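Accompanying notes for the structure given below.
Whatever order the structure lists them in is the order used to number ligands and atoms, beginning at 1. Model, not experiment: these values are computed from the prediction.
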Amino acid sequence: MYNVKACSAASATSPLASTTIPRRDPTEHDVQIEILFCGICHTDLHIARNEWGSVMPTVYPCVPGHEIVGRVTKVGSAVTKFKPGDLAGVGCLVDSDRTCPECKAGLEQYCPNMILTYNSPDKQLGGVTYGGYSGSIVVTERFVLRVPSNLNLAGAAPLLCAGITTYSPMRHWGVTKGKKVGVVGLGGLGHMAVKFAHALGAHVVVFTTSPHKKDDALRLGADEVVVSRNANEMQKHAGSFDFILDAVSADHDINAYINLLRRDGNLTLVGVPAKPLAVGAFALLFARRSLSGSIIGGIPETQEMLDFCGAHKITCDVEVIPIQKVNEAYERMLKSDVKYRFSIDLASLKSA
Ligand SMILES: [Zn+2]
Ligand SMILES: [Zn+2]
């Protein structure tokens with residue numbers, strides 16, 4: 001065991017503050033990573049403040065962070081894919097049971113026994129796992145990703161959650177050249193969805209409530225931008241979409257979007273509105289449309305996504321901050337005052 005500097009919440013109401021946490025010494029299958037950048041995901045704030053306490057109570061102290069990019073500092077004797085000096089990434093998962101049908105299919109994100117990067121039971125050290133707002137992390141090789149060396153590392157970090165969350169459903173629902181794809185909401189998730197859909201060759205339409213986001217949507221790769229409050233503009237697209245990714249976490253009229261799908265079209269939710277959405281059955285019945293959800297991605301697909309990003313030079317648009325600004329960043333994130341993700345430069349932890 002060794003100690004490392006980190007940033008933690010001591011309770012649901014306390015701001016994050018610097019601390020020291022233990023990490024295990026790497027065992028034979030482990031990779032030890034010096035963390036260089038960690039993205040800030042909205043989930044970090046929910047967990048740090050115990051806002052999902054009814055399903056996933058937070059154990060304190062809580063060290064958030066599951067968009068981790070760093071450099072390998074040490075590997076166990078049985079590790080074959082990494083050596084010291086390599087770039088490496090860690091996303092939302094650090095382990096699973098590895099034996100259930102989901103794990104065997106490479107869909108570890110649906111494993112009933114998955115171990116999350118933070119706030120999950122830590123089998124090695126006891127207590128709970130600690131995330132990426134820290135100087136280093138030790139993860140079993142199977143859950144460590146290779147990060148293409150041509151990518152900006154601050155912008156690559158959020159690929160490990162925001163990136164895979166949007167890439168996975170597009171691959172599952174067959175987004176390719178010639179398909180018409182809608183993206184609802186242009187935030188941390190939505191801006192990545194636009195980049196991926198564009199790179200996959202689709203015709204991309206962004207739906208937004210904010211007309212001032214139009215230029216940015218076009219810059220990110222959208223072919224068209226529709227202001228969703230404008231019923232006429234919406235109607236022009238009725239029955240025309242192969243796939244729509246809905247990344248909105250606020251309450252909204254889902255039927256308005258389902259009606260834009262063509263026959264057998266699919267709308268996938270990746271946002272989590274606090275209240276249940278009202279779905280009109282007719283919107284689904286006519287044209288055999290489907291509504292589904294998706295969460296992050298398995299380890300093989302996360303690697304595929306990172307390799308795709310390397311080949312297409314895709315990263316997240318980030319604002320890099322020192323760890324000292326994390327509490328301020330949380331407040332700004334609540335106001336959607338970030339384009340489009342915060343990425344913490346962990347070098348700042350040395351002076352924390
Ligand atoms: Zn996340
Ligand atoms: Zn499993």
Side-chain angles (χ1 to χ4, degrees), residues 7 9 16 35 37-52 55-56 58 62-69 89-121 123 129-134 137 139-140 142-143 145 154-169 185 187-193 196 245 247-249 268-272 293-302 305-306 309 315-318 326 329-330 333-334 336 338 340-344:
C7 182
L16 281 90
I35 302 175
F37 292 94
C38 183
I40 297 182
C41 176
H42 216 113
T43 301
D44 297 350
L45 184 152
H46 288 303
I47 303 288
R49 298 182 179 178
N50 198 24
E51 289 173 355
W52 291 346
V55 253
M56 206 190 291
T58 303
C62 170
V63 178
H66 59 204
E67 297 182 335
I68 299 167
V69 165
V90 177
C92 302
L93 306 174
V94 288
D95 210 346
S96 66
D97 60 29
R98 310 181 192 196
T99 54
C100 76
E102 324 307 337
C103 287
K104 283 184 177 154
L107 299 170
E108 296 88 354
Q109 78 273 32
Y110 302 121
C111 174
N113 301 304
M114 63 185 170
I115 303 289
L116 298 169
T117 303
Y118 61 91
N119 202 43
S120 266
K123 283 184 286 187
T129 50
Y130 294 130
Y133 298 5
S134 60
I137 191 167
V139 178
T140 190
R142 180 176 163 148
F143 286 79
L145 288 311
L159 295 174
L160 277 304
C161 177
I164 188 61
T165 296
T166 50
Y167 180 86
S168 181
L189 293 174
H191 97 287
M192 287 312 302
F196 284 133
L245 191 86
V248 175
S249 295
T268 291
L269 301 172
V270 290
V272 187
S294 184
I295 198 163
I296 52 172
I299 296 302
E301 193 174 55
T302 304
M305 179 274 307
L306 287 168
C309 288
T315 52
C316 294
D317 287 22
V318 291
V326 69
Y330 276 18
M333 185 164 61
L334 285 172
S336 301
V338 55
Y340 280 90
R341 206 80 159 169
F342 289 109
S343 187
I344 305 168

- Message: Under the criterion side-chain contact (heavy atoms from CB on, under 4.5 Å), I'd like the reasoning laid out for C100 against N113: C-alpha separation, chi angles, the key distance, then a yes or no.
- Response: CA-CA 9 Å; C100 76; N113 301 304; 5.8 Å; no
- Item | Nearest non-hydrogen partners of Q109 and G298, listed with the distance | OE1-N, 2.9 Å
- When you check the space around the Zn ion (ligand 1), which protein N, O or S atoms turn up under 2.8 Å? C41 SG, H66 NE2, C161 SG
- Between atom CD1 of I115 and atom CG of D97, what is the distance when rounded to the nearest 0.5 Å? 9.0 Å
- Query: salt bridge (Lys or Arg N to Asp or Glu O under 4.0 Å): which pairs involve residues 103-120, sequence neighbours left out?
  - Reply: E108-R142
- Who pairs with D317 by side chain to side chain donor-acceptor pair (under 3.5 Å), at least two apart in sequence or on another chain? K195, R219
- Judged by atom type as modelled, is there a donor-acceptor pair below 3.5 Å linking the side chain of T166 to the main-chain atoms of G163? yes
- Message: Please tell me whether Y118 and D44 have a donor and an acceptor in their side chains that are separated by less than 3.5 angstrom.
- Response: yes
- Message: Under 2.8 Å from the Zn ion (ligand 2), which protein N, O or S atoms do you find? Ignore water molecules.
- Response: D97 OD1, C100 SG, C103 SG, C111 SG
- Message: Determine whether a donor-acceptor pair (N or O, by modelled atom type, separation under 3.5 Å) exists between the side chain of T117 and the backbone of C92.
- Response: yes
- Message: Taking L160's backbone N and O only, do any of them form a donor-acceptor pair with T302's side chain (distance below 3.5 Å, no angle check)?
- Response: no
